[in-house]
Amino acid sequence: MPRGFFITFEGLDGSGKTTQLRRLATALEAQGHSVVTLRQPGGTPLGDRIRSILLDSKSEAALGPIAPLAELALMFADRAQAIAQIIEPALAAGSIVLCDRYTDSSEAYQGGGRQLGSEPVLALHQAVCSNLQPDLTLLLLPALKSSLRRARNRNQRHIQAEGTDENRFERESDDFYRRIYEKYEEIAAREPHRVVAFRDDATIEQIHAQIKNTVTARLVPAHAL
Ligand code: TYD
């Protein structure tokens with residue numbers, strides 16, 4: 001059984017990566033591939049608990065301010081569980097794993113946004129995730145100006161929407177998102193083979209087509225579309 005293929009999706013809030021992940025999963029399944037999808041934080045029972053602590057805007061009222069390093073450590077606790085329970089077994093079974101956010105998010109949001117720097121993130125990745133790297137990372141990163149506008153719009157929608165309280169991150173400022181954006185740029189420049197960035201402000205359909213082409217070109221022959 002050939003090992004599967006591990007693909008992560010990255011980008012700012014509102015970048016459309018969740019839509020693109022679903023579209024790609026459907027396309028790959030239609031080609032007969034076994035596809036496993038998950039999101040971080042979350043995806044496992046433990047991870048879903050961690051997610052509700054991390055993302056619930058009421059958490060800080062109940063728990064007090066969450067220290068940036070505590071936030072980082074919780075992201076990695078979630079990730080370690082997802083690797084053990086979902087990602088590694090799926091890869092061992094030969095599936096294509098599509099993961100909505102992974103360690104690049106920790107580096108961009110906690111390393112960049114919260115200004116912890118890349119070092120603690122990469123050290124934790126080594127220690128807690130056995131340095132498990134995606135085979136391919138699809139980074140949705142339209143120009144900074146439109147990325148900020150999308151993140152802000154989503155922020156407003158979440159605040160207005162009733163019944164959703166997953167907006168602790170989305171209340172952050174433009175500066176926070178600018179730092180995240182710059183860290184994503186840095187990661188893409190550092191790892192050009194793994195990270196493929198989609199910078200056009202194109203339609204969902206156009207980006208989907210570009211993503212499919214990229215994935216087709218990268219999948220090992222055993223998984224060829
Ligand atoms: P989610 O609602 O899944 O947002 P999105 O659809 O944009 O992925 O919320 C995930 C939030 O958690 C998002 O704001 C990014 C943040 N996050 C981190 O700060 N660090 C991490 O390591 C991960 C995985 C997510």
Side-chain angles (χ1 to χ4, degrees), residues 6-23 25 37-44 46-60 65-83 86-87 97-118 120-125 128-129 132-134 137-142 147-159 161 163-184 187 204:
F6 183 22
I7 301 176
T8 60
F9 283 73
E10 294 285 352
L12 264 71
D13 306 73
S15 62
K17 66 186 166 38
T18 307
T19 305
Q20 292 297 341
L21 185 151
R22 288 203 200 103
R23 294 288 300 269
T37 64
L38 75 158
R39 67 173 177 184
Q40 292 192 348
T44 63
L46 175 64
D48 289 338
R49 294 253 194 120
I50 294 172
R51 180 182 176 91
S52 67
I53 294 172
L54 283 168
L55 269 56
D56 190 338
S57 56
K58 296 188 204 83
S59 287
E60 295 207 310
I66 299 175
L69 281 169
E71 181 178 273
L72 178 65
L74 285 168
M75 292 292 181
F76 271 101
D78 164 70
R79 188 161 298 130
Q81 187 70 12
I83 290 171
I86 301 177
I87 298 173
V97 176
L98 304 183
C99 191
D100 193 343
R101 299 193 179 281
Y102 190 64
T103 294
D104 294 329
S105 281
S106 299
E107 191 176 346
Y109 281 73
Q110 281 67 52
R114 303 274 191 237
Q115 299 180 286
L116 293 175
S118 294
V121 181
L122 299 179
L124 276 168
H125 186 67
V128 173
C129 304
L132 175 68
Q133 293 288 14
T137 294
L138 304 165
L139 171 60
L140 300 189
L141 203 66
S147 288
L148 287 178
R149 180 166 33 79
R150 287 162 174 232
R152 240 195 330 265
N153 286 347
R154 205 172 94 148
N155 182 351
Q156 286 307 317
R157 280 204 305 279
H158 269 236
I159 288 170
T164 168
D165 53 10
E166 284 203 344
N167 63 8
R168 197 172 68 83
F169 282 93
E170 307 197 347
R171 289 184 170 169
E172 296 291 345
S173 65
D174 278 7
D175 281 347
F176 178 74
Y177 285 110
R178 189 170 294 111
R179 289 196 297 273
I180 294 167
Y181 189 95
E182 285 166 1
K183 189 57 89 174
Y184 271 134
I187 296 167
I204 290 175

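Since we're looking at a predicted model, the values are computed, not measured. Both ligands and their constituent atoms are indexed starting at 1 by order of listing.
- Qualifying salt bridge (Lys or Arg N to Asp or Glu O under 4.0 Å) partners for Glu60, counting only residues two or more places apart in sequence or in other chains: Arg168.
- Near Lys17, with a cut-off below 4.0 Å to any heavy atom, the atoms of ligand 1 are 5 (P), 6 (O), 7 (O), 8 (O).
- Residues Gln110 and Glu71 form a side-chain contact, since some pair of their non-hydrogen atoms from C-beta on lies under 4.5 Å apart.
- Counting only non-hydrogen atoms, the option in Gln40, Gln110, Arg114 that gets closest to atom 20 (N) of ligand 1 is Gln110.
- Only side-chain heavy atoms of Leu55 come within less than 4.0 Å of ligand 1; its backbone N, CA, C and O stay farther off.
- Using a 4.0 Å cut-off between charged side-chain N and carboxylate O, Asp100 and Lys17 make a salt bridge.
- Applying the 4.0 Å criterion to heavy atoms of Pro41 picks out, from ligand 1, the atoms 24 (C), 25 (C).
- Contacts between Glu107 and ligand 1, counted as non-hydrogen atom pairs separated by less than 4.0 Å, are absent for every part of the residue.
- Ion pairing between Arg51 and Asp48 fails under the 4.0 Å rule for side-chain N and carboxylate O.
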Practice task
Could you walk me through whether Gln40 and Ser105 pass the side-chain hydrogen bond (donor to acceptor under 3.5 Å, both in side chains) test, one step at a time?
Solution key: CA-CA 9 Å; Gln40 292 192 348; Ser105 281; over 6 Å; no
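- Taking every non-hydrogen atom of Thr18 and a distance limit under 4.0 Å, the qualifying atoms of ligand 1 come out as 6 (O).
- Glu71 does not count as a contact of ligand 1, since none of its heavy atoms falls under 4.0 Å from the ligand.
- A cation-pi arrangement is present between Arg79 and Tyr102, with the terminal nitrogen or guanidinium carbon under 6.0 Å from the aromatic centre and inside a 45° cone about the axis.
- Against a heavy-atom cut-off of under 4.0 Å, Arg79 is close to the following atoms of ligand 1: 22 (O), 24 (C).
- Within a 6.0 Å sphere centred on CD1 of Ile204, heavy atoms belonging to other residues, nucleotides or ligands number 12 at most.
- Residues satisfying the side chain to side chain donor-acceptor pair (under 3.5 Å) test with Ser15, not counting sequence neighbours, are none.
- Using a 4.0 Å cut-off between heavy atoms, Arg39 makes no contact with ligand 1 at all.
- Backbone and side-chain nitrogen or oxygen atoms of Tyr109 are examined, and none is located within less than 3.5 angstrom of a nitrogen or oxygen of ligand 1.
- Of the candidates Ser105, Gly11, Ala82, Ser105 brings a heavy atom nearest to atom 23 (C) of ligand 1.
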